[in-house]
Amino acid sequence: MVLKDWIRVSLSDHKNTIDEGMCGISGCITEGRAVAGILYRSLKRLEYRGYDSAGMATISNGKLYVKKDQGKIDEVNERLNFNEMPGSIGIAHTRWATHGAPSKVNAHPHVDCSGMLAVVHNGVIENFMELKRELLDLNHRFVSKTDTEVVAHLLEENLKRGGDFLSAFINAIKRLDGSYALAAVYVKEPDKILVARQDMPILIGVGDGSMFVASDAAAFIEETNRAVVLQNGEVAVITAKSYDIYRVKDGTKVARSPIVLDWTVEMAEKQGFPHYTLKEIFEQPLTLKSALRLQDAYVDLLTEFLDRGERIFLLAAGTSYHACLAASYMFSKLARLTTFPVVASEFVDNYGHSIDIDTVILAVSQSGETADVLSALEFARLRAATILGITNVVGSTLTRVSRAYLLQNAGPEIGVAATKTFTSQLIVLAQLALRLAKKRGKVAQYEMDEFRDRLYEIPDIVSRVLDEVKVPVQGLAKKYAGEKFFMFLGRGISTATAFEGRLKVMELSYIPCIAYAAGESKHGPISLVEEGTPAFFVCPNDSTRKAILGNIEEMKARGARIITVGSKDDEELMEISDDYIGMPDVHELLSPIVYVLPFQLLAYYLAVEKGLDPDKPRNLAKSVTVL
Ligand code: F6R
C-alpha cells in the first residue's frame, strides 16, 4: 500500500474504532427450529450490556442473511423485523459504542467481501490496524470503521488458502491481540457456530436439540440453565447437539461439563413490575436472604487471608465502591481491622508503589468484569499481592483472578443502576466482618452475637421498609422532580449511604447532586445553600445522630429544605425536617442496607416523574469493560 493510503486508513480509523468494549453477543443453533425469535429474545436480555445498535445474521439454504441498524433493539426490530429471518443457525449482537458514532455500518454482525460469513464481537482488537493494512493490500473491501471487521476478512482470507472453517478460525484467532468474545458462522459449514474467548466473557448454553452462546447466561436462561464457561485462549465448535472446546495454543481438546445455574426464567424477567429497576429493588428481601447463605469454607478462607494481610485495600468502582466504603467501617468497628477503600481507577497512582506480597486486595465487583478493577488487580497481582473477590457473576474474570472469592447470589441485575447488588454486597461484607471479628477476638462475644442476630433480621426489615416507604417516597419524587440540585449528607457509615443515594438519584434522574460526609459540609458545600435548596440527611438513631443534628441546623439556618431519612420514633428530627421518611431501628453497621432503600426508590420515581427510562440511563452501561 502506498503511504497516502496508509495515512487515510490510520487517521480515519483511529477516530472511530476500538469501540466494541461493552456489547452483548449471542448465538443459537437448533435441529430445525427457527432461531430468529430466540436470538431476538436473547438480545433483549443482553440489552443492558449496550443498546445503541443491534443486528443479526442467520443462514438458510446456502445463503447468509444479515439485518442490522442503529438504535435500541426494539426500534431496530420495528424497522427490520428480525423474526422474518430464516434459518436454524444464527448470531446476534447488541452494541454500545465508547468512541465513534453508532451507525448501521458499524453495527454487528460484520461480513466478509463475499457475504459468506458473519462475525459478532465484544472486546477490542488492538492490532486491527496492522491486520487491516495487510488485508487491504490483499484487496479486501472494508465498509465499517470497526476493529471487528478485520476478523471477517481474516477468516475469508484463511478460507481462501484452504482448510476448513475451524482451522481458518483458529488461525485467525492466533493473529489477534487484545480482548474478544467472538462468534462466527459460515454458509459453507452451516452446521456450526465457532466461538473464541480472550478477556471477554462468553458462555455456551447447553439445551436439548439446541445450543446457545452468549456474553451472559441471562440471554439463554429461558431456554436452558446448563452452561459451560469458555476460558481465555479457547475456541469452541457448537453444533445443534454438541460442543467441543479446543485450546488455541496447541489444538488440544478440553473436556468441560456444564454447570447448572440456579437462575430461573422469572428471575431474569420483570415479574409484573413496569421496569427491571423497580423489580430489582423489590427483590431485595430475597436476594439478601440468598446472600446470607454463603459457603462457610470460603468465608473462612477470605477471613484467613484478610487477617494475615499487612495492608488491606477494598477496591471497586461506582456503587461497589460505596459498599467498600461502608465495609471499611464494619471491618474497623467490628473486627478492629483497618482497611482502605479505594476507587479502582485511582489505585495504581495512589498506592501502586507500596504494593507487595503483604498486600491483600478485596475487589468488589457485581459484574466481575469492570476494566478499572481488573487492570488494578493485574498490577497488584504482578507484585505478588493476594487478590480476593466478591462478585455476582459466576465465571466472571474476577472469579478467575482471585485466590478466593464469595458470590453475592443476587441473580442477574438487568437495570443499569445497581440496586439489589449493592445491598447483597453489603450483607456479604457484613458476614465477612463478623467472621473476622470472631477470628481476631477483639470485641466482646455479646456484641458479635447481637450483630449476628440483627444481620439475620435484615431481609424481613427490608421487606417491611419497602412496603412502608414506597408511597411516601413516590410523594417526595412528585414534590421534588422539578428541582435543579440536591445535597446528600451523612456521617459515619451513613456517609456511604449518602454517597450511594447521590449516585442513584443522579444517574436515574439526571438532577445534579453532591454528597458529603456531613462534617465536611461546612468546609465548602454550605456555600451552595440558598432558600429552598433540598438537602437529604441520612440520620439513623446511632452514634452519629447528635453530630448530624448540628449539621442539619446549620443547613436549615441558611434556608435549606431538610429531607431526613431517620428513625421512626425520632420526634426531634421530625420536628426540624421539612419532609421525613421514618425507618425502623437497625444495627448501626447494617443501616446502609436499609437506609439506602428510600434513595433507590426516590431515584426510580424521580426518573418516572421526569419521563425517563430508569432501566437505561443515558450514557451508562451495566458492565464497564473499557478503561
Ligand atoms: C451504579 C452502577 C455503577 C457500577 C460500577 C461498578 O448504579 O451500577 O456505578 O457500580 O460500574 O460495576 P461492578 O460492580 O460491576 O464492578
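Indexing begins at 1, ligand by ligand and atom by atom, following the structure's order.
Under a 3.5 Å cut-off, the side chain of R45 and the backbone N or O of A218 do form a donor-acceptor pair. Counting only distance, with no hydrogens or angles, the side chain of H93 and the backbone of H121 share a donor-acceptor pair below 3.5 Å.
Ligand 1 has no nitrogen or oxygen under 3.5 angstrom from a nitrogen or oxygen of L503. Checked by distance only, ligand 1 and S320 come closer than 3.5 Å through their nitrogen or oxygen atoms.
Of all protein heavy atoms, the one closest to atom 11 (O) of ligand 1 is V624 CG2, 4.0 Å. The protein heavy atom nearest to atom 15 (O) of ligand 1 is S367 OG, 2.6 Å. Ranking the protein heavy atoms by distance from atom 3 (C) of ligand 1 puts T319 N, 4.1 Å first. Here the heavy atom of the protein found nearest to atom 12 (O) of ligand 1 is T370 OG1, 3.4 Å. Ranking the protein heavy atoms by distance from atom 5 (C) of ligand 1 puts A317 O, 3.7 Å first.
Not close to ligand 1: E369, with no non-hydrogen atom less than 4.0 angstrom away. In this structure, V416 is part of the shell of residues with a heavy atom less than 4.0 angstrom from ligand 1.
Taking every heavy atom of K504 and a limit of under 4.0 angstrom, the matching atoms of ligand 1 come to 1 (C), 7 (O). Using a 4.0 Å cut-off to heavy atoms of A417, the atoms of ligand 1 that qualify are 7 (O). Residue E507 approaches ligand 1 through these ligand atoms, each under 4.0 Å from one of its heavy atoms: 1 (C), 7 (O).
A cation-pi contact, defined as under 6.0 Å to the ring centre and within 45° of the axis, links R383 to F379. Cation-pi geometry between R311 and F340 is not satisfied (NZ or CZ under 6.0 Å from the ring centre, within 45° of the ring normal).
The minimum heavy-atom distance linking A603 with L508 is given by the pair O-CB, 3.7 Å.
Aromatic ring centres of F488 and F599 lie closer together than 6.0 Å.
The shortest side-chain heavy-atom distance between I593 and I427 falls under the 4.5 Å cut-off.
The only option from Q366, E413, Q408 that meets the side-chain hydrogen bond (donor to acceptor under 3.5 Å, both in side chains) definition with N392 turns out to be Q366.
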